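Small disclaimer: the values here were computed from a predicted structure and weren't measured. Order of the sequence lines fixes the chain letters, A, B, ..., with proteins taken first and strands second; residue numbering starts at 1 for each chain.
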Number of protein chains: 4
Amino acid sequence: MRQATPTSRQSAASKHVKARAVSPRSKRAHVLKGAAGARRASSPDLPRKLPRQPRAHETVKAILQAAAKLIAEQGFALMTTNKIAERAGVSIGSLYQYFPNKTAILTSLLEEHQAGIQPVIEQSMRELEDPKLAFSEAIRRLFVRLLEKHAVHPRLNRVLAEEVPRTRRAIALDRHNEEAYVNRVVEILRKRRDTRVAHPIAMAHILFQATQALTRWLAHTPPEIHIREACIDEAVKMLSVYVQERRRRSAG
Amino acid sequence: MRQATPTSRQSAASKHVKARAVSPRSKRAHVLKGAAGARRASSPDLPRKLPRQPRAHETVKAILQAAAKLIAEQGFALMTTNKIAERAGVSIGSLYQYFPNKTAILTSLLEEHQAGIQPVIEQSMRELEDPKLAFSEAIRRLFVRLLEKHAVHPRLNRVLAEEVPRTRRAIALDRHNEEAYVNRVVEILRKRRDTRVAHPIAMAHILFQATQALTRWLAHTPPEIHIREACIDEAVKMLSVYVQERRRRSAG
Amino acid sequence: MRQATPTSRQSAASKHVKARAVSPRSKRAHVLKGAAGARRASSPDLPRKLPRQPRAHETVKAILQAAAKLIAEQGFALMTTNKIAERAGVSIGSLYQYFPNKTAILTSLLEEHQAGIQPVIEQSMRELEDPKLAFSEAIRRLFVRLLEKHAVHPRLNRVLAEEVPRTRRAIALDRHNEEAYVNRVVEILRKRRDTRVAHPIAMAHILFQATQALTRWLAHTPPEIHIREACIDEAVKMLSVYVQERRRRSAG
Amino acid sequence: MRQATPTSRQSAASKHVKARAVSPRSKRAHVLKGAAGARRASSPDLPRKLPRQPRAHETVKAILQAAAKLIAEQGFALMTTNKIAERAGVSIGSLYQYFPNKTAILTSLLEEHQAGIQPVIEQSMRELEDPKLAFSEAIRRLFVRLLEKHAVHPRLNRVLAEEVPRTRRAIALDRHNEEAYVNRVVEILRKRRDTRVAHPIAMAHILFQATQALTRWLAHTPPEIHIREACIDEAVKMLSVYVQERRRRSAG
DNA sequence: GATGAATGAGCTTTCATTCAT
DNA sequence: TATGAATGAAAGCTCATTCAT
């Protein structure tokens with residue numbers, strides 16, 4: 001389940017930003033002119049170079065860290081490429097050596113976050129498949145782990161999810177992800193019980209969307225602490241009862 | 001349940017936008033209290049002047065319509081005040097006679113949408129209270145009506161919900177709204193059954209968040225049509241089973 | 001005696017200017033303290049960046065020169081940042097790399113003028129202290145030198161003194177300057193004669209204000225040439241007689 | 001002695017303002033199209049109409065009062081014609097019925113102030129002529145009365161003197177005024193003593209400029225109260241000693 | 001006359017991106 | 001390769017003034 005930009009939202013971003021990042025590259029934008037070397041094909045929002053040398057690696061890391069901090073501290077709108085470079089202790093020119101544009105930095109950040117979430121999802125999928133584990137327990141673990149992940153850089157994650165303009169690429173990626181998880185869940189649903197559900201695909205989508213939304217809500221707009229615990233319980237309850245009701249019905 | 005900007009997110013938008021819309025408007029700092037006229041109190045994101053003459057009313061309407069169209073067509077980032085004015089066939093000066101800043105236009109649009117949703121919520125609340133109506137049926141009607149409302153300007157609503165930077169004011173309003181609906185739902189939950197639920201408040205929050213997220217997903221990221229119907233069924237199923245399970249449990 | 005912006009006057013300038021220059025710059029609110037680089041602390045009206053490379057130095061110089069010319073030719077009101085940049089043969093972006101806002105350019109110009117006046121004042125102070133030099137002669141020399149300085153860019157200096165909106169900062173600086181010179185003059189008065197004057201502080205203020213006003217008047221609103229010479233004589237006369245009368249009286 | 005805009009100062013005013021008020025009327029400016037009735041010849045900065053009816057008189061008064069208050073409270077830059085009209089409880093259209101442009105309002109205000117000062121000057125001139133009154137006493141009375149006048153609307157007077165852009169017309173008027181007073185003073189100087197002064201004209205100018213500058217300084221930048229009194233004493237001292245020294249010398 | 005809605009040139013300022021050094 | 005000065009399109013917003021009603 002992709003966590004960073006769920007129901008998917010994004011912000012206005014600078015009109016500048018937007019006008020430039022979202023619309024076809026402004027006139028002064030220059031396409032990476034087939035430069036060879038360690039460059040990837042010039043897909044717009046991907047890092048420009050695969051850093052080869054350790055120094056380069058560090059530069060890239062510094063840039064991403066600086067960007068993350070800026071976003072977390074000041075919000076997306078105040079995150080400018082020049083500030084990122086300054087914070088990273090790198091010249092703006094160098095920044096553009098490693099990232100073709102601002103969007104690419106955000107994409108990297110997003111992908112980093114996703115990469116962090118990936119194992120959590122994987123493990124939860126395995127647990128869901130495990131017949132020895134109660135559904136509700138598996139779901140609870142999923143929730144708890146996702147919330148843990150979000151707790152590491154809560155502000156960053158929130159901003160990434162809510163404020164950063166979504167590129168076409170990011171949207172497509174999300175859809176693709178959802179599709180993948182849905183397929184996986186459908187299979188699990190089929191395996192876990194003998195009876196067919198009316199619409200396993202629909203069910204999987206609902207589970208995906210609900211989990212995503214509730215996780216995000218709990219992570220980003222924390223209700224008072226004592227309600228929060230209850231909310232987790234309730235969320236888990238809702239989802240597991242939902243699935244089990246099916247089983248019960250079909251079993252009944 | 002407020003649908004327009006729920007867990008909703010937004011960012012700072014353009015540094016322009018941010019710097020101006022978020023910081024206190026310095027000039028307007030001293031309001032001339034003696035002055036009468038058709039001005040509202042100078043709260044930042046509220047319309048500046050109440051139109052007095054029919055001509056003015058039309059201007060305001062034209063501006064809002066133009067803004068809505070631009071947003072729907074090009075996304076928030078490409079919506080500039082100058083373009084709005086142009087599209088509205090109105091001078092930029094006129095625009096600023098009625099809206100103190102760009103954000104105020106969005107706020108108006110948002111409030112318009114909210115106003116449209118309000119009666120739907122009201123009716124659904126009444127239906128939920130009605131013991132003669134099955135929970136699941138009440139919830140299904142809620143979903144259907146919300147989706148109908150969202151179907152009027154789907155792209156506009158999506159952008160409003162996902163792309164538009166949320167002001168402090170809007171965020172506070174959302175929280176307040178959620179609180180209100182939660183309270184309402186809690187009461188309904190208590191009335192509808194004899195037994196107490198463990199955490200009616202938590203339950204109400206979960207219902208609110210889930211309904212909001214699923215409505216939005218269904219309205220804005222439409223899955224293929226034949227899946228869509230099933231998804232509505234599933235969503236309704238999930239929510240009503242969730243509530244009824246409680247009853248069953250507590251009753252059992 | 002500081003000559004550039006004495007009792008000086010100015011207004012808010014454009015509402016633009018005011019609204020922006022006077023209110024705290026919202027964005028710059030959080031200064032990234034970690035960031036090194038050639039930036040000064042982000043005080044509103046100070047230059048933004050210290051130029052590091054010769055090219056940058058030239059840019060700054062060109063901007064200041066262009067601003068000075070525009071002011072002298074067209075007055076402050078017609079001096080716009082875009083015109084300055086154009087005249088300087090520099091992009092508007094470059095201008096804003098070195099000056100955070102329009103006011104900062106004026107501040108620089110003012111400080112430049114002040115820096116030019118400083119040695120004149122210093123020398124005159126020394127001469128006033130010198131018992132071998134007649135008071136009247138010392139004062140005459142002060143006048144002559146100040147007028148010489150003002151003669152370099154008379155129109156610029158006039159506009160700077162009369163038309164340019166004074167920032168809080170500038171006003172405070174002026175007060176501070178006056179205070180400093182007054183203290184200095186008070187000491188000199190005490191040293192130069194055995195008897196105490198009734199109110200050396202008041203006397204010093206009067207001398208400061210009168211000198212400043214008369215210098216400015218002579219430099220900026222030149223009376224016909226043959227009267228001008230007489231006016232200098234009279235001004236010197238007035239001031240020196242004023243001081244000496246005291247001595248005579250107290251001695252008598 | 002004209003007090004309102006002495007060494008002549010003006011401000012930046014809005015760039016808008018300036019660009020429009022100082023430079024030749026912007027294109028949209030329309031010349032009063034020979035409208036007959038109670039109109040004066042269309043000199044730009046004079047009130048447009050001589051109000052005939054009492055109601056009109058009140059309107060004009062209300063406008064001027066509103067303008068004065070706005071200036072005093074918020075400074076010149078925040079004084080806009082629309083705000084003036086609003087404050088005056090008059091429509092912006094009406095305002096432009098009585099004043100051809102913003103400058104005319106300021107001109108009126110300035111002239112009002114001058115008119116108030118006029119009798120003070122007249123009386124002082126008579127006292128200066130009066131051989132029974134000591135010079136120093138006459139000058140002291142002049143100072144005291146000028147300061148009293150300035151004390152009525154101190155902020156308004158300061159802003160009028162320091163912030164308001166000076167029109168060509170206002171500058172010319174000032175020069176003319178200075179000329180007139182200088183001539184008057186020259187005659188008085190000649191009458192009051194038998195001997196000729198070296199440069200009565202120069203002396204008169206110096207007296208005029210010094211008095212003006214010191215009055216303004218004392219009125220607008222008030223030093224601490226106990227110093228203030230001493231400063232008045234010193235100012236009077238300086239001026240009277242200056243004149244009397246002449247007499248003494250020529251007599252000696 | 002009075003009203004007030006409308007106008008629009010023009011201002012300040014930003015920031016992603018380029019490219020000479 | 002790294003640097004950082006330079007670029008400039010474009011955005012939000014103001015306010016003196018006009019003119020239809």
Side-chain angles (χ1 to χ4, degrees), chain A residues 14-17 19-21 25-30 53 55-56 59 80-83 85-86 90-97 100-103, chain B residues 14-17 19-21 25 27 37-38 49 51-53 55-56 58-59 80-83 85 90-98 100-102, chain C residues 14-17 19-21 25 27 37-38 49 51-53 55-56 59 80-83 85 90-98 100-102, chain D residues 14-17 19-21 25-30 53 55-56 59 80-83 85 90-97 100-103:
Chain A
S14 140
K15 322 226 149 169
H16 288 300
V17 167
R20 305 195 187 194
R25 298 254 73 76
S26 67
K27 46 207 106 143
R28 293 212 285 119
H30 77 159
Q53 302 166 8
R55 183 158 55 125
T59 301
T80 72
T81 50
N82 282 288
K83 272 197 212 154
E86 192 179 351
V90 155
S91 75
I92 182 67
S94 292
L95 185 153
Y96 276 90
Q97 294 256 331
N101 52 47
K102 199 188 174 185
T103 305
Chain B
S14 138
K15 320 221 152 173
H16 286 302
V17 169
R20 306 194 185 192
R25 326 244 74 220
K27 299 186 210 165
K49 234 190 206 177
R52 278 268 176 98
Q53 301 177 2
R55 185 164 49 136
E58 272 163 42
T59 300
T80 75
T81 50
N82 282 294
K83 272 197 217 154
V90 151
S91 78
I92 183 66
S94 290
L95 187 154
Y96 277 94
Q97 290 248 349
Y98 298 103
N101 51 50
K102 202 187 167 185
Chain C
S14 138
K15 320 222 153 172
H16 286 301
V17 168
R20 307 196 185 191
R25 326 244 71 224
K27 301 189 209 164
K49 234 190 205 177
R52 279 267 176 98
Q53 301 178 3
R55 185 166 48 136
T59 299
T80 75
T81 50
N82 281 293
K83 274 198 216 153
V90 151
S91 77
I92 182 65
S94 290
L95 186 154
Y96 278 92
Q97 291 247 346
Y98 298 103
N101 52 50
K102 204 188 166 185
Chain D
S14 138
K15 323 228 147 167
H16 288 299
V17 168
R20 305 194 187 192
R25 297 255 71 76
S26 67
K27 44 206 107 145
R28 292 211 283 120
H30 77 157
Q53 302 166 10
R55 183 156 58 124
T59 301
T80 72
T81 50
N82 282 288
K83 273 197 212 154
V90 154
S91 76
I92 182 68
S94 293
L95 185 153
Y96 276 89
Q97 293 256 333
N101 53 46
K102 199 187 173 185
T103 306

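- How far NZ of C/Lys83 is from CD1 of C/Ile92: 12.5 Å, rounded to the nearest 0.5 Å.
- Regarding A/Lys102, its NZ atom lies at a distance of 11 Å from the C1' atom of E/dT14, rounded to whole Å.
- Taking 4.0 angstrom as the limit, D/Ser91 places none of its side-chain polar atoms (N or O) nearer than this to OP1 or OP2 of E/dA2.
- Taking for each of D/Val90 and B/Val90 the nucleotide of DNA chain E with the nearest heavy atom, the 5'-most of the two is the partner of D/Val90.
- Between C/Asn101 atom CG and E/dC11 atom P the separation is 17 Å, expressed in whole Å.
- When the side-chain nitrogen and oxygen atoms of D/Tyr96 are compared with OP1 and OP2 of F/dC19, none of them lie within a distance under 4.0 Å.
- Closest heavy-atom contact between C/Val90 and C/Leu95: CG1-N, 4.1 Å.
- Residue B/Thr59 places at least one side-chain N or O under 4.0 Å from the OP1 or OP2 atom of E/dA6.
- Distance CD (B/Glu58) to C1' (F/dA20): 14 Å, rounded to an integer number of Å.
- Remark: DNA chain E takes part in the stems E:2-21 with F:2-21, each of 3 or more antiparallel Watson-Crick or G-U pairs, criterion distances under 3.5 Å.
- Contact of A/Asn82 with E/dA16 (side chain to base): a donor-acceptor pair of N or O atoms is detected under 3.5 Å.
- Looking at B/Gln97, its side chain has no donor and acceptor atom pair within 3.5 Å of the base of E/dA5.
- Atom CZ of B/Arg55 is separated from atom OG of B/Ser94 by 8.5 Å, given to the nearest 0.5 angstrom.
- Taking atom CG of B/Leu95 as the reference point, atom P of F/dA11 lies 14 Å away to the nearest angstrom.
- Shown here for B/Tyr96 and B/Asn101, the closest heavy-atom pair between the two residues is CE2-CA, 3.9 Å.
- Rounded to an integer number of Å, the gap from OH of C/Tyr98 to P of E/dT12 is 20 Å.
- At least one side-chain nitrogen or oxygen of A/Thr81 sits closer than 4.0 Å to the OP1 or OP2 atom of E/dA16.
- Judged by closest nucleotide on DNA chain F, B/Lys83 is the one of B/Gly93 and B/Lys83 placed further toward the 5' end.
- Summarising the geometry, atom CG belonging to D/Asn82 is positioned 10.5 Å from atom NZ belonging to D/Lys102; distances are rounded to the nearest 0.5 Å.
- Judged by closest nucleotide on DNA chain E, D/Ile92 is the one of C/Ile92 and D/Ile92 placed further toward the 5' end.
- Taking only side-chain nitrogens and oxygens, C/Ser94 comes nearer than 4.0 Å to OP1 or OP2 of F/dT7.
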